[in-house]
**Q** 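The following block contains the structure, expressed as structure tokens.
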There are 2 protein chains.
Amino acid sequence: MKNRLKVLRAERGWSQQDLAERLEVSRQSVNAIETGRYDPSLPLAFRIADLFGMTIEEIFQRGE
Amino acid sequence: MKNRLKVLRAERGWSQQDLAERLEVSRQSVNAIETGRYDPSLPLAFRIADLFGMTIEEIFQRGE
DNA sequence: ATCATAAGTCAAGCAACATTGACATTATGG
DNA sequence: CCATAATGTCAATGTTGCTTGACTTATGAT
């Protein structure tokens, strides 16, 4: 899965640490998702979508 | 997370086995998701949404 | 040049998702 | 009634998501 997390985060001027705190996950998890090492769980994907006010489909897309 | 998998499947007259084959997962996984024992991974949630021609948000909702 | 912050990554461990194989129970239809 | 399909669940095992703690590299500010 690809995702637009890095851009969305950068648009808001947040560090990975900032985002991690808002999502209540570790900084390493944010980094791993951004760098494509693994996909978030479905519950976490929902929290991400909620935080950015978007749908899961707008943030995550199929591919690689 | 709650989900409408059981209804959507029943509407189409599919058994859990049928659905499992279309999703390329085990029958036990379909059952576990329907009975709320666990949530699917994000990639599997996308396959489910694709299969039913709906968004993830239309099939899965937060709760319990 | 030093200090602080951000980002990337690794290892070890625990939790959650998913598998196969088995068995029990509840429909359903012949 | 009987046979079989369908569903629910369990145990054991493997894979993936997520954690903490640590170390590295790069950047920017003073």
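In the text below, chain A, chain B and the rest are named by the order of the sequence lines, each starting its count at 1.
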**Q** I want to verify a distance call: between C:dG8, D:dA6, D:dG8, whose nearest atom is closest to the A:T35 side chain?
**A** C:dG8
**Q** With rounding to the nearest 0.5 Å, note down the distance linking CD1 in A:I48 to CZ in A:F60.
**A** 4.0 Å
**Q** Would a distance-only check, ignoring hydrogens and angles, find a side-chain to backbone donor-acceptor pair under 3.5 Å from A:D39 to B:P43?
**A** no
**Q** In whole Å, I'd like the distance from the CG atom of B:L19 to the C1' atom of D:dT7.
**A** 13 Å
**Q** I need the CG-C1' distance between A:L5 and C:dA7, as an integer number of Å.
**A** 14 Å
**Q** The side chain of A:S29 is closest to which nucleotide in this list: C:dG8, D:dC18, D:dT9?
**A** D:dC18
**Q** Just to confirm, is there a sub-4.0 Å distance from OP1 or OP2 of D:dA6 to any side-chain nitrogen or oxygen of B:K6?
**A** no
**Q** Between atom CG in B:N3 and atom C1' in C:dC17, what is the gap in whole Å?
**A** 15 Å
**Q** If you round to the nearest 0.5 Å, how far is NZ of A:K6 from CG of A:N31?
**A** 8.0 Å
**Q** Could you tell me the separation between the CD atom of A:Q16 and the P atom of D:dT20, rounded to a whole number of Å?
**A** 15 Å
**Q** Calculate the interatomic distance between A:Q17 atom CD and C:dA7 atom P; express it in whole Å.
**A** 10 Å
**Q** Taking only N and O in the side chain of B:Q28, is any of them less than 4.0 Å away from OP1 or OP2 of C:dT20?
**A** no
**Q** Could you tell me how far apart B:F46 (CZ) and C:dC17 (C1') are, to the nearest whole angstrom?
**A** 17 Å
**Q** Between C:dC17, C:dA7, C:dA22, which nucleotide gets closest to the side-chain atoms of B:D39?
**A** C:dC17
**Q** Starting at CZ of A:R37 and ending at P of C:dA11, how long is that distance when rounded to a whole Å?
**A** 11 Å
**Q** Can you tell me how far P of D:dT9 sits from CD1 of B:I33, to the nearest Å?
**A** 15 Å
**Q** With the side chain of A:R27 defined as its heavy atoms from C-beta on, choose the nearest nucleotide among C:dT9, D:dA6, D:dC18.
**A** C:dT9
**Q** Look at the side chain of A:Y38 and decide which nucleotide, out of C:dA18, C:dT9, D:dT19, has an atom nearest to it.
**A** D:dT19
**Q** Nearest to the A:E34 side chain among C:dG8, D:dC18, C:dC17, which nucleotide is it?
**A** C:dG8
**Q** OP1 or OP2 of C:dG8 sitting under 4.0 Å from any side-chain N/O of A:N31?
**A** yes
**Q** Please identify each residue that fulfils ring-ring contact (aromatic ring centres under 6.0 Å, His included) with A:F52, with sequence neighbours left out.
**A** A:W14
**Q** When we call it a touch if two heavy atoms are under 4.0 Å apart, what does B:S26 touch: a base, just sugar-phosphate, or nothing?
**A** base
**Q** Ignoring backbone atoms, test whether A:S41 places a side-chain nitrogen or oxygen under 4.0 Å from the OP1 or OP2 oxygen of D:dT16.
**A** no
**Q** With the 4.5 Å side-chain cut-off for hydrophobic clustering, are B:L51 and B:M54 part of the same group?
**A** yes
